[in-house]
Amino acid sequence: MQIGGDIILNIQIQYFKELYQNISLQIESKSITTVIGRNPHKFNEFISIIKGKSSFNGDIILDNISLKLDNSHYKKKIDNITGEEINSTLSIDEYLNFYAMLRGIHEPILSKRKKEIFSKHNYINSFDVRLNELLYSQRIYLRFLASLIKMPALLIIENNFIDLDPIVTQAIISIINDYVSQDGTCIYAYYKSTTVFNLTDSMYYNENFKIIL
């Protein structure tokens, strides 16, 4: 498969456990794509395929990297945010440093990125606060903030936003918009939620992958 134009993610699933057959899906760069569905099992399996965690007949090309030919490099281009909260005695600054270290981001790039991020996103304006002192919504916000340090080719969001404070939700939406404006591509994948539907550029129903928006 060849990636051309503005297509950054090319999904070709020939067969997977009788759940998916002959699926072809192309996602453009600098976009937010929403995937919805009624079947939780089928839905979760599809996200697992994109993350490179499930074997299937076919291939996925992300930013010119083949999942089948270079699984390790492919996975490094993805960041995944779920509803799982961060709970640690680390300070915000220590957490961001640890996050960056695990992803191979070092000085002076790290300090530059942190400065840029906090100049635009200051809902939390102290580096010294401990994570276990933050509210649930604030910890989820921090996880989104960390994604701007990595700037992955693909950001997969699996969070329904239902339990988040409305002010925090708006702050997170600001982060998502910032990420996309910097050539990021986002897949919002969560059933039974409408929080970010107004942001989406395209929407797919994962039963048959017919575009519905």
Side-chain angles (χ1 to χ4, degrees), residues 32 34 40 43-44 47-48 50-53 72-200:
I32 301 174
T34 298
F43 188 88
N44 291 334
I47 300 305
S48 180
I50 295 179
K51 291 190 287 190
K53 294 184 176 181
S72 178
H73 193 182
Y74 172 94
K75 289 180 179 178
K76 289 178 180 178
K77 287 185 168 288
I78 296 175
D79 199 4
N80 181 215
I81 298 178
T82 68
E84 183 178 348
E85 60 180 300
I86 311 161
N87 194 5
S88 169
T89 57
L90 293 175
S91 69
I92 290 176
D93 195 43
E94 290 169 339
Y95 165 71
L96 292 176
N97 290 343
F98 181 66
Y99 173 94
M101 180 192 71
L102 291 178
R103 290 156 178 82
I105 302 168
H106 306 289
E107 299 292 358
I109 295 175
L110 174 57
S111 291
K112 180 181 178 182
R113 289 190 183 175
K114 286 196 295 185
K115 183 178 179 180
E116 291 172 348
I117 290 168
F118 277 92
S119 70
K120 292 186 288 185
H121 306 285
N122 54 10
Y123 172 75
I124 299 176
N125 53 22
S126 173
F127 282 174
D128 299 325
V129 178
R130 301 285 167 183
L131 270 61
N132 58 5
E133 297 173 356
L134 298 175
L135 299 175
Y136 169 77
S137 293
Q138 293 172 322
R139 290 195 287 268
I140 297 298
Y141 167 86
L142 182 61
R143 180 62 185 83
F144 274 88
L145 205 62
S147 69
L148 292 181
I149 290 179
K150 181 180 180 181
M151 278 305 299
L154 178 65
L155 178 63
I156 301 175
I157 302 173
E158 297 177 82
N159 189 307
N160 60 12
F161 294 89
I162 290 174
D163 297 324
L164 300 187
D165 179 277
I167 296 176
V168 177
T169 298
Q170 289 306 310
I172 288 173
I173 288 174
S174 176
I175 293 173
I176 295 172
N177 284 330
D178 186 13
Y179 163 74
V180 172
S181 73
Q182 298 183 62
D183 296 331
T185 301
C186 177
I187 291 181
Y188 178 69
Y190 207 98
Y191 50 93
K192 300 180 182 178
S193 178
T194 59
T195 302
V196 297
F197 283 0
N198 61 328
L199 290 178
T200 196

Looking at side-chain heavy atoms only, is the closest gap between [X] and [Y] below 4.5 Å?
{"X": "Y136", "Y": "L164", "value": "yes"}
{"X": "E158", "Y": "K51", "value": "yes"}
{"X": "L154", "Y": "I50", "value": "yes"}
{"X": "Y123", "Y": "I172", "value": "no"}
{"X": "E116", "Y": "L148", "value": "no"}
{"X": "L142", "Y": "Y99", "value": "no"}
{"X": "R103", "Y": "I149", "value": "no"}
{"X": "N97", "Y": "K114", "value": "yes"}

Step-by-step side-chain contact (heavy atoms from CB on, under 4.5 Å) determination, I176 to I157: CA-CA 10 Å; I176 295 172; I157 302 173; 3.7 Å; yes
Hey, does the side chain of [X] reach the backbone of [Y] with a donor-acceptor pair shorter than 3.5 angstrom?
{"X": "K150", "Y": "I78", "result": "yes"}
{"X": "T34", "Y": "T200", "result": "no"}
{"X": "R143", "Y": "I81", "result": "no"}
{"X": "Y179", "Y": "P152", "result": "yes"}

Shortest non-hydrogen contact between R139 and L134, atoms and distance: NH1-O, 2.5 Å
Nearest atoms (heavy-atom pairs only) where S91 meets D128: CB-O, 3.8 Å
